[in-house]
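For this chain, numbers begin at 1 and follow the sequence in order. Ligands are counted one by one from 1 in listed order, and the atoms in each one are counted from 1 as well.
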Amino acid sequence: MSIRPVLTRRAAQPTLEGAGVHLHRAFGFGDPTEADPFLLFDDFRNERPQDYLRGFPWHPHRGIETITYVLAGTVDHGDSLGNAGSLGAGDVQWMTAGSGILHQEMPKGNAAGQMHGFQLWANLPSHLKMTAPRYQDMKSPDIPEIVDDDGTVVRVIVGDFWGKRGPVDGIAADPQYLDISIPPGRRKSFKIDTYRRAFAYVFQGAGVFADASAPVGVRLEKEVMGQDVNIRDLSGNRTLVRFGTGDEVTVRAGDEGVRFLLISGAPLEEPVAWHGPIVMNTQDELRQAIAELRNGTFIKPQH
Ligand code: FE
């Protein structure tokens with residue numbers, strides 16, 4: 001077994017999106033190879049309705065998948081094909097935009113004003129960029145939850161884990177998406193196949209991700225070289241941790257325990273041409289998408 005070293009860690013950055021939604025972006029619109037096959041990760045946890053109620057009115061997507069995981073409050077969504085619904089606490093929506101959708105996503109919050117959740121963008125490989133749009137909506141009870149002997153809880157949103165399989169399937173990037181809560185002081189290891197890119201997003205408590213067996217030649221940030229990484233130092237509970245190669249991730253929970261998303265996928269290693277919510281392989285494909293938005297042919301007939 002080789003433990004994946006911590007390559008970088010950083011706090012998600014305050015970002016204004018949609019019609020004026022205050023969120024925190026862990027990555028996105030930077031170097032698209034960094035987290036390949038993932039393009040963007042937004043943390044939209046917010047407790048001030050005036051900072052999220054304007055929402056994300058009508059906008060297009062093409063060439064990607066968006067994965068929304070709600071922890072508190074609700075997100076109402078509707079699209080130009082007539083699909084509509086509402087995501088509540090614990091629910092997940094995996095939307096394959098494929099050839100194109102026009103939709104809106106409107107956060108509503110709960111009675112306490114909380115709107116908590118995350119959105120991940122996964123890239124589609126060239127042969128699936130123009131696939132038919134598809135939704136997979138999972139209600140919270142449909143998501144397997146595994147409780148280990150030591151009290152560790154893992155919600156398996158996508159992929160195989162400890163003998164359970166998450167309800168989302170047929171996803172091009174072959175992702176694994178886990179929501180992991182570890183009790184205070186416990187140390188856990190999680191196997192992640194070597195070919196995958198992996199990151200963690202810490203959002204509650206604190207933990208120490210070990211990189212004790214960092215292979216020679218992997219350059220680590222100065223503050224983590226030869227050291228464990230204490231997430232509490234940096235995070236405010238919004239910390240992205242990117243891992244290098246290896247076949248497992250280890251973490252030791254701090255005094256309050258730790259909760260984080262552990263997300264991995266197989267890199268696509270294709271060219272990326274990116275314009276807002278449209279991500280293609282070439283500039284020509286981007287130009288075509290924008291021309292189609294203008295002339296009303298963006299949405300393809302469904303068979
Ligand atoms: Fe969207």
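Separation of the H61 and H103 ring centroids falls under the 6.0 Å cut-off.
The count of protein N, O or S atoms under 2.8 Å from the Fe ion (ligand 1) stands at 4, with waters excluded from the count.
Rounding to the nearest 0.5 Å gives a distance of 14.0 Å between CG of L178 and NZ of K164.
Figure legend: R197 and F38 shown without cation-pi pairing, the cationic atom not lying both under 6.0 angstrom from the six-membered ring centre and within 45 degrees of its axis.
Taking F118 as the reference, F41, Y201, F203 meet the ring-ring contact (aromatic ring centres under 6.0 Å, His included) condition, with sequence neighbours excluded.
When the options H59, M95, R62 are evaluated for a side-chain contact (heavy atoms from CB on, under 4.5 Å) with I101, the one that passes is M95.
Side chain of N46 to backbone of H22: a donor-acceptor contact under 3.5 angstrom is found.
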